[in-house]
Amino acid sequence: MPQHPQILEPDDLNPNQREAVMHGEGPLLIIAGAGSGKTKTLVHRVARLVAEGVPPDQILLLTFTRKSSQEMLRRATLLLDSRCQNVSGGTFHAFASAVLRRFAGRLGYTEQFSILDRSDAEDVVQLVKQDPKFADVGKRFPKKNTLADIFSKVRNTQSRIPEVVGKSYPHFFECADRIAEMFEAYQHFKRHMQAMDYDDLLLELLNLLSTAPDIAKALQNQYRHVMVDEYQDTNGIQAEIMRFLVNSKRNICVVGDDAQSIYSFRGANFKNIMEFPTLFPGTRIVTLDQNYRSTQPILDLTNAVIARAKERYAKDLFTEKQDGQRPIYVETDSEGSQSKFIVQKILEYHEQGIALNQMAVLMRSGWHSNDLEVTLQAQGIPFVKMGGFKFIELAHVKDVIAFLRVIQNPRDRVSWQRILLLVEGVGPKTAEAIWLKIQSAFQSGLVPDASFFAGKSYSTSLEKLLSCIFNRQGGITPVAQLERIMETYKPIFKQRYEDFHKRQADLNSILTIAERYTSLDDFLTEMSLEPPDGSQVDVEAKDRDEPPLILSTIHSAKGLEWKVVFVISAIDGYLPSMQALDDIGQIEEERRLMYVALTRAKDYLFVIKPHIDWNSAQAYRNPGVRFSKLSRFLVESHIAEQWMDKWVIAERRQPRGRFGLESLPDTLDSGYSPDEDTRKYVL
DNA sequence: CTTCTTCCCATTTTT
DNA sequence: TGGGAAGAAG
């Protein structure tokens, strides 16, 4: 089959990449440094397998986000042909849900089980917490999102409540018993409503594979080659799942970089990657350490940062791009000048012909860009914020989805609750009563009878609502259902949200997205797992004549690269001390996070000592580690002196409004001139 | 019981 | 800032 010489004899790969691509059967571990052509290598490997006659649906490619899997298949298609589009793939969670939908019965679930996203899971926790049984827990008890964190961590790290609470939430240690009871109740509640949260998806898949050898066997036969991207971010459960998927030929290929492991809060452990050869004896290990992304001055800095990591697997990145500007460490005197400095630089690079979407501002957590966003708006610079608020999390979108969810799975208590509370005059108690009626009606196979609520003030609207859900005529495609639901929902929607005009567009987007699906299951699964393209909340979607600037959390920036990168290197300060951070290994993770951020830059890199105005951002008074600690890795460790230039930005005048708003310039010229006011130091 | 009001508290990252 | 808990009013 030599009809694809460029694939079978790739000449634009370096020797290590080629080794990885051409590796035959048996386990393969690729340690791929940042920017080392990891994706290219995987793409070539997929294309080679397909070119050599492996049927695409016998290749399973598990990735971290759906975007990256689509990107890989797209590139493989360009390289070879459209057969590559049929490679099975997606995220672990998407894969898990697909398998579970098929075999849910084996675990005692219906195939229409609901998938709970994070906020649904928190709603369940809230319902559990409000059970009279737990009425006695006082205020000094974790809130729903903390509880959800604990529950998630317990399962992801396969430990017990007291351990997790003691380690991560010591201030709640004395209520560990109640938390444990609540955890049990949470598990039951989900089971009863036929729902799985994100963690259940993985755990139930593992459960299925380990208790149903026939299914495991079938999957092993189905997938002759299994590949996993971003392996450093998998947790123990995912590793175990891998073990069940791999057949006797052990064709498993995993790619990762221990230096970029930044998901320990999700139970990920970069040791997974190093234990891989033990798990699969005879593993071939290939290291990719030539960097094709950044200039040497940037790599010198990133190498120096990661060199301080306590545990790592040595691989210094090198590049042929020797020239370039040294990274710049920027100190500003206020959050306002920080924003103005960034905007100024962005405009300068834009003048030089660099497109906005070739530039990115990366930060530790979403709200760190609040001030910057206001400044960008004022300047009319279009931007999108990645990893920010998701479309699916908008209240009105959740409302509509809730209708579909109860149609799909009538036992979905959380969605029922949401819908019933839409009715004027119905509160939590009435909702519960109605829900019980509906359940018992369902058990006897009847439509809930109206006599129960006849004569109540809310009876008319409730009846409309129920008939919308139960009297389903017309098409059964997601779009057809949605159109019917909209008729009932629209009036409620207009009454409920004052700004319904703005929100209207989102409802239309739901319809547009739904058009791509023929089955309700698929549509809902995708919406809860990873909202498809075009469903991200787009800050400045309209009037865009050019691709927007990117704002992103460091976590969401993984795997991406830009010509110009600004890093706002904050760390949130809610832990008592550096020592405490160190004790739980957090410092190491923060270092890797910094490493991920820095290695996104191709040509120009600015590390900004954060000047985030906590008083304007949020009232926070915990005298713990403050936000500038992360940048101190660079400064105090004498790395900055050696590998960076330092700029100190001072504004001529400092008009400081209460929320910083009045200090915004009308144009960049007003009161701020970097040439005059920027004092440049080289340490 | 629901809805409105007031007070108090906590604040990362994401599938 | 925002959410939740608790109290007050309808």
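These numbers were taken from a predicted model, which means no experiment stands behind them. First the proteins, then the strands, lettered A, B, ... as listed; each starts at 1.
- Ring-plane geometry between A:F276 and A:Y231 is classed as perpendicular, the angle between the planes exceeding 60 degrees on a 0 to 90 degree scale with a lower cut at 30.
- Between A:D149 and A:T146, it is A:T146 whose nearest contact on DNA chain B lies nearer the 5' terminus.
- For the pair A:K143 NZ and C:dG3 P, the computed distance is 14 Å after rounding to whole Å.
- Nucleic acid contact class of A:Y263 (heavy atoms, under 4.0 Å, all strands): sugar-phosphate only.
- Salt-bridge annotation for A:R364 and A:E590: present, with a side-chain N of the basic residue lying under 4.0 Å from a carboxylate O of the acidic one.
- By the criterion of a centre-to-centre distance under 5.5 Å and near-parallel planes under 30°, the ring of A:F265 forms a stack with the base of B:dT13.
- A cation-pi arrangement is present between A:R101 and A:F113, with the terminal nitrogen or guanidinium carbon under 6.0 Å from the aromatic centre and inside a 45° cone about the axis.
- Distance A:E424 CD to B:dT2 C1': 10 Å, rounded to the nearest Å.
- Regarding A:Q232, its CD atom lies at a distance of 20 Å from the P atom of B:dT13, rounded to whole Å.
- Nucleotide B:dT15 holds its P atom 10 Å from the CG atom of A:L529, rounded to whole Å.
- In this model, the phosphate group of B:dT2 is not approached by any side-chain N or O of A:K429 to a distance below 4.0 Å at OP1 or OP2.
- At B:dT13, none of the side-chain N or O atoms of A:S556 fall inside 4.0 Å of OP1 or OP2 (strictly under the cut-off).
- Remark on DNA chain B: of its neighbouring residues A:L421 and A:A94, the 5'-side contact belongs to A:L421, judged by nearest-heavy-atom nucleotide.
- Straight-line distance from the CZ atom of A:F141 to the C1' atom of B:dC8: 19 Å, rounded to whole Å.
- Applying the 4.0 Å criterion to OP1 and OP2 of C:dA5, one finds that A:Q126 has a side-chain N or O inside that range.
- Note on A:K129: a side-chain N or O is less than 4.0 Å away from OP1 or OP2 of C:dA5.
- Listed nucleotides: B:dT12, C:dA5, B:dT14. Nearest to the side chain of A:Q130: C:dA5.
- Per the geometry, CD belonging to A:E432 stands 13 Å off C1' belonging to B:dC1, to the nearest Å.
- A:S261 places no side-chain N or O within 3.5 Å of a backbone atom of A:D258 that could act as its donor or acceptor partner.
- The CZ atom of A:R591 sits 23 Å away from the P atom of B:dT12 (whole-angstrom rounding).
- The side chain of A:T65 contributes no N or O atom lying less than 4.0 Å from OP1 or OP2 of B:dT15.
- Looking only at atom types and distance, the side chain of A:Y263 has no donor-acceptor partner in the side chain of A:E589 under 3.5 Å away.
- Rounded to an integer number of Å, the gap from CG of A:L202 to P of B:dT15 is 13 Å.
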